[in-house]
Structures are given as C-alpha cells and as structure tokens.
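Have a look at the structure below before the remarks.
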2 protein chains.
Amino acid sequence: MTATPAPRVTIKDVAARAGVSKGAVSLAFNRKPGLSEATRDRIFRAARELGWAPSPTARTLAGSRVDVVGLAVCRPARLLGLEPFYMEFVSGVESVLVERSCALLLRLVRSPDEEVGLMESWWRGRQVGGSILVDFRADDPRPAVAGRLGLPVVAVGHPSLTGGLTSVWTDDATAVTEAVRYLAALGHRRIARVGGAAALGHTSIRTTAFDETVRALEPAARAWQVATDFSGDAGARATRSLLAAAPGERPTAIVYDNDIMAVAGLSVAAEMGLRVPDDVSLLAWDDSQLCRLTHPTLSAMSHDVHGFGAEVARTLFGVIAGEDPGSHPVPTPVLTPRGSTAPP
Amino acid sequence: MTATPAPRVTIKDVAARAGVSKGAVSLAFNRKPGLSEATRDRIFRAARELGWAPSPTARTLAGSRVDVVGLAVCRPARLLGLEPFYMEFVSGVESVLVERSCALLLRLVRSPDEEVGLMESWWRGRQVGGSILVDFRADDPRPAVAGRLGLPVVAVGHPSLTGGLTSVWTDDATAVTEAVRYLAALGHRRIARVGGAAALGHTSIRTTAFDETVRALEPAARAWQVATDFSGDAGARATRSLLAAAPGERPTAIVYDNDIMAVAGLSVAAEMGLRVPDDVSLLAWDDSQLCRLTHPTLSAMSHDVHGFGAEVARTLFGVIAGEDPGSHPVPTPVLTPRGSTAPP
DNA sequence: AATAGCGACTTTACCGGTTCAGCACGTGGC
DNA sequence: GCCACGTGCTGAACCGGTAAAGTCGCTATT
C-alpha cells in the first residue's frame, strides 16, 4: 500500500491543457452561459483526455451543493439485518441517487437523540445536502430540528406524524382495512394482529385502523392486538400466546406487521400442531421473497419497496431544489393471497 | 424549508473568541504539540460555547485524512435485502467507524466494472479514505486497481483470492469440513451441498473442500453439489431436484451456503412430504435469527458476522495508518446443532 | 555580551474548486 | 468617429481548514 503517490489532476491542469483559465473550466462544467461552443468543447476534450472530474469536496467547500444524502436508521442492528425492507428500500433510494451521481451516507444510530445530533452535525459540517427521515414516533423532535436548521429532508411516514415536512407514505390504514375485510370475507370472526413497535407512528395508525375495521364490520367479531419489536422471537412469542387459548376462543386468523414475524408465526403454529391455513390463517406484511419460501407460502400485503425508496429519493431532490412541502402518497399495499389464508 | 439561513460558525470565530489565530485552533483540535495547557483550554471552551466542530470537508480539502470509508456491494438488490448477512456486517463495520467518527459511504453497483470505476472516482475525488472490498472472484481486478491507485483497502476474502491485499477472512474450508464430518458422524453417507454463486471465490473454496472431505471420509460416500445465486428461489429449485431422486438414491443430508436457501429447502421438503430431520437433514450457513424461527429450527454453521464487520473496519484503519499488508483470519464458523439434523 | 535554542504562537501559502467584478474586443447606432 | 453595449474570457477573492515557515521573548551556553 506504499504505492504510487497518485498523480492528482486538478482543474488547473485541465485549464492549462485547454488554454483557458480555471474559471472557464468551472463555467463549462456547470453548464453556465458565457462560453463559446468552441471553447466549451476544447475544455471537455481536455478534461476527457486527462480523465478529470471536478472534486466534490472542493465544490462543497466552495459553497455549491453537496452531492450526498444522509440516512440514519435507529433500530438495533440485529433487527435491521433481518428486515428485508431496509436493504430493499436503500436500493430503491440508490437507484435514483446514482442518476445524479449522488452518494448515500448511511448511519445506524442507537437512539432518536443520537439521530438528532447527527442531523445537526451533518448539516453544520455540510456533510449532506439533505436527509431521509424514517421511523417517526409520536411527538417526533425531528421536524422541529429540520425546520430550525433549514435542512432539506423528506419524511417517510404519514403526514399526521411528520409535522409539516414533505412526506412520502403508504396508506397503512386502508391496507389494514383491506386485510381485515379479506379475512372477514373468508368467514373469519376472531382476528388477531401482531403489530410492530408500539412507539412507532405507523404502528399506531395500523392499530387504530385494525380496531375500527373489526368493530365496524361486525359487533360480534373479536379483535386482539399485540405489540412487538418486529423481531422474529417477539412474533413467535406473540403467536404462541394467541394460539394458546381454547380452540373456540383463539383467533382463526392473524395479521403480522412484517414478514419475519409471520414466518415465526408459521413455525409456532406447526410446533403447536395447528395446520395453516386449516386451523389458523396467517397474513404477512411487506411481502419479501421470504413469503414465497415457506410452506405453505404466506399470503401478504405486498408493496413495491424498491419503488418506494426511489420515490423518496426523487422527492428529496425536489425539496433540495426548493419545492414547497408536500405530501406524496405511494400506492397502497395490495393483498396477495397465497397458501396461508383460507376460510376457518 | 425556506428556513433560517443557518449561521455558520467557522474556525475563525473560535479563534477570535479565544483570542488566538486560527492556526492555534487547528493545532489544538489536532492534538499537536506547541500550545500551552491554558491556551488549549481556552480554545476548547470557546469552541464548546460556539458549538463548533471542524468541517470534515475543509479538512479533507486541506489534505489531511478523509473520514469516510467506502463500501460498494455488487449484488442484485433483491438478494441483498434478503441476506441478513449484509446489514449485520454493515452494523459491525459501523460500530467501529463511529468510535472514530467516520462515516460509511454505501453504494450498490451492478457490475464489477462499475465497482472498479467507483473505486477510482472515490479515490481520485478524495471521497473516501479507504475502502472495503467484498465478494472476490477468480482473477479479480480490484487488487491491481487498488495497488495502482494507492487506495487503502481491506479485502474480505481468503488470501488466495485477494491478491496480496490485506485480507480478513473466515476459514471456509475448515468449516465445510466440520460440517461434513458432523453429518457423517450422524451416519449420513449421501450428502449434498447447495452452494452459492459459482463466480465467487469463497464458493469455489467451499466446493473444493466439500468434495475433498467427502471423498477422504469414505470412498463409498456420495456427494452432490449445485451452484445457485444465493436466492431462496434457487435454493428451493436445487433442493427440489436433489430430493426428486428415488428414496435410496437421494441425499439424506443437505448443506446450504446461506440461511435463506436453507429455509427454502425446509419448505420444499415439507411440500414433498419429507420430514426434517427424519427423512432428510438440513444444515444452514451464517445462522441469522431466521434459523431459530423455522420449524424445526435449523442447525447451522454460525459465526459472529457483526464481529467480523468490526474486525474488517479495525483492519482498514490499520491499512490507512500505513500498516503492511497482512492476513487476518477471524474465528471459524462453528457448528450449532438444532432441530434440522439427525441420524438418517 | 553575544549567541544558540526552545516554547508558544502567528503568518502565510496552499487544497481544488466557485463566483463575480472587470477587461478587451467587436458591433451597431447616430 | 465616438460611445454604449453585449460577448467571451480572465484574475482574484473566497470557502474552512492544515502545515510549514517565521517571529518573538526568554533562558541556558560559551
């Protein structure tokens, strides 16, 4: 690694080769007016010949835009690794960033406070030109912080949670309603839901929607809901306790807030000697490939997570460009019936 | 988002407040000698009062180190999301980076060529101070590129693959041998392996080790190996074709190269009416939480992926600091027997 | 007493771009 | 023939730091 000292080529070299000043090179590379076609061409040719590209660092320092967007994720790594959602989401974000040769700064944080600190230091230090905010909670401090700093952000979450920030969101309430209606249509009257982390805003939205839908559907129907931490273990525990009731008392259908927990639920059912879907129907959420790998395959509320990430990135560029705050719904998750749901 | 124009505070403000020159502030913040305790204290106090921290961008431009490390991953996003391995690995890397307030630049690329291009532009543009290289292939171009550029890197992979670069690796060959010996000790004589992507170096290492171990063990034993793309679907397909043979001909034990494929295999066995582990034993690799969520639970070759990532990051800092190339083995994956393996 | 040496800072020159005031030149109007 | 103006480009200042060379006062040496 004591290799070549790397022959750095700078704007000055390009300018010299093209026979112009570095100011001209700058103008050319920022597509600004004030240069003749001929000069512009000469500059680009010189740059190509020398294999030069403007240094993002210097550009940033000189006060123009920053080609990096930040994403801080606040969940234990153990869970993150398992949630197919995140990597898929990130890849969607990337797909748009790449087009604008923008990079993604990723950070796993351990607490919301740490995330707020990171927003501040990233922005103050001009490390990012904007940020993606996920996992909104009730009374989330981030909208205020972003506003105070003037940091361009897009919030992933329902507008009711994101305090006036530009948001991109899926209509969880409608999706929950659709899920419950589907199970009810199959004849289920005792429906349970294994929800995600109670502190997260979208979890409460789903919880409320679930409750209302079940109640509206039929006063006699019963609903249970359990909060978890999204982990498979928690999903297994929740399922076990739901299914431990007497046959006439226990739920005949369970909805899960992600697919990992649904997989765990499937295995708990097997372990307890219950057949899926004959004895109990299971419905997953997010619908990663995992849902098609189990036996039986898992019915799921599926949505295009990659596209979701892409939309978030596009929206962020809008915000950075100075667009007014707005609300950007993406398509509602759609029910994909497979082998784990059937009439009771 | 038209908020406060952000009152940037710079080294000059701190210097003024502490009554010194900005050079002195720089000395203080880089813990260099040449300042009295008293002055140093005054400077730090001033900085604290103003909430100032040095701008990484300016530091980078001024030619000192870059506090960013790069990681380009070249696999389809669809697969990445599913491999618990990656996020876990990333979180391990992060855990070390955070201590040095270093950031991780993550990029998903579509081809090895694109990755090489990225290495060059990252390094030329001083976007990263070093890089982590994963997924080595035969005749991988990256060692040469890194050498030519003088880019500090650490290669994740067996030294035989990483062309003299500093490497961090797990002893896959030994682990495969242990896995096979274990299955043989249980009494299995027809053992199959569902491997990963054939193009990857560590896949061939495992393939060779598997072959040799089985052959050495007992000339009469039979071994099958199938290459896949690591996806659950491919794992399912491979399992299906392995188990389609007549009862006396088909393998009684299958080793998988990751846990997703093992989960898929489990479901294929169920779908074909075979009991696990009575009719066929399954052994997973990587051992994420997923292995404990299935029914039966999956026996696995498990290793500390988080710790692996951390070691990689530590090693990278060593390389950046100028250490000579070296080989850093991390503990060999260890067999964790669970419910999916038993005598035939 | 002159000088060397050192500690504690300050000065100054970059790093690689962006930006803007200014300048030379050609053109059209009167 | 002179002036105003637009075009095309240059030069210098600046962004926020780092690093090497320079300054100054004081003690130790010869």
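By convention in this document, chain letters (A, B, ...) are assigned in the order of the sequence lines, proteins followed by strands, and residues within each chain are numbered from 1.
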Name the residue closer to the 5' end of DNA chain C, choosing between B:Gly34 and A:Ile11 according to the nucleotide with the nearest heavy atom.
B:Gly34

Whole angstrom value for the distance that separates P of D:dA12 from NZ of A:Lys12:
13 Å

Can you tell me which nucleotide in C:dG16, C:dT19, D:dC9 comes closest to the side chain of A:Ala58?
C:dG16

I'd like to know if A:Glu120 and A:Arg148 make a salt bridge, using a cut-off of under 4.0 Å between side-chain N and carboxylate O.
yes

Whole-Å distance separating the CZ atom of A:Arg126 from the P atom of D:dC15
11 Å

Could you tell me the separation between the CG atom of A:Asn30 and the P atom of C:dG17, rounded to a whole number of Å?
11 Å

Counting the atoms with a prime plus P, OP1 and OP2 as sugar-phosphate, which does A:Leu61 contact under 4.0 Å by heavy atoms, base, sugar-phosphate, or nothing?
base

Using a cut-off of 4.0 Å on non-hydrogen atoms, how would the nucleic acid contact of A:Val20 be classed: base, sugar-phosphate, or nothing?
sugar-phosphate

With a cut-off of less than 4.0 Å, is there a side-chain N or O of A:Ser26 near OP1 or OP2 of C:dT18?
yes

Does A:Glu114 pair with A:Arg110 as a salt bridge, N-O distance under 4.0 Å?
yes

Calculate the interatomic distance between B:Leu27 atom CG and D:dA19 atom C1'; express it in whole Å.
9 Å

Run the side-chain contact (heavy atoms from CB on, under 4.5 Å) test on B:Ile11 and B:Trp52 for me, step by step, so that the C-alpha distance in whole Å, both residues' side-chain angles and the decisive distance to 0.1 Å come before the verdict.
CA-CA 8 Å; B:Ile11 197 174; B:Trp52 177 82; 3.8 Å; yes

Comparing nearest nucleotides in DNA chain C, the 5'-proximal residue of the pair B:Ser36, A:Lys32 is B:Ser36

Would you mind reading off the distance between A:Phe29 atom CZ and C:dT18 atom P, rounded to a whole angstrom?
10 Å

Would you say A:Thr10 places a side-chain N or O within less than 4.0 Å of OP1 or OP2 belonging to C:dG16?
no

Atom pair distance, as rounded to whole Å: NZ in B:Lys22 and C1' in D:dA19
12 Å

Any side-chain N or O of A:Thr39 below 4.0 angstrom from OP1/OP2 of D:dC9?
yes

Starting from the 5' end of DNA chain D, give me the residue, B:Ala53 or A:Gly19, whose nearest nucleotide shows up first.
A:Gly19

Starting at CD1 of B:Ile43 and ending at C1' of D:dG17, how long is that distance when rounded to a whole Å?
14 Å

Distance test, side-chain N/O of A:Arg59 to OP1/OP2 of C:dT18, below 4.0 Å
yes

How are the rings of B:Phe89 and B:Phe85 set to each other: parallel, tilted or perpendicular (split at 30° and 60°)?
parallel

Would you say the side chains of B:Ser327 and B:Trp169 form a donor-acceptor pair under 3.5 Å?
yes

On the nucleotide D:dG16, are OP1 or OP2 found under 4.0 Å from the side-chain N or O atoms that B:Ser55 carries?
no

Using whole Å, what does the distance between atom P of nucleotide D:dG16 and atom CD of A:Gln127 come to?
14 Å

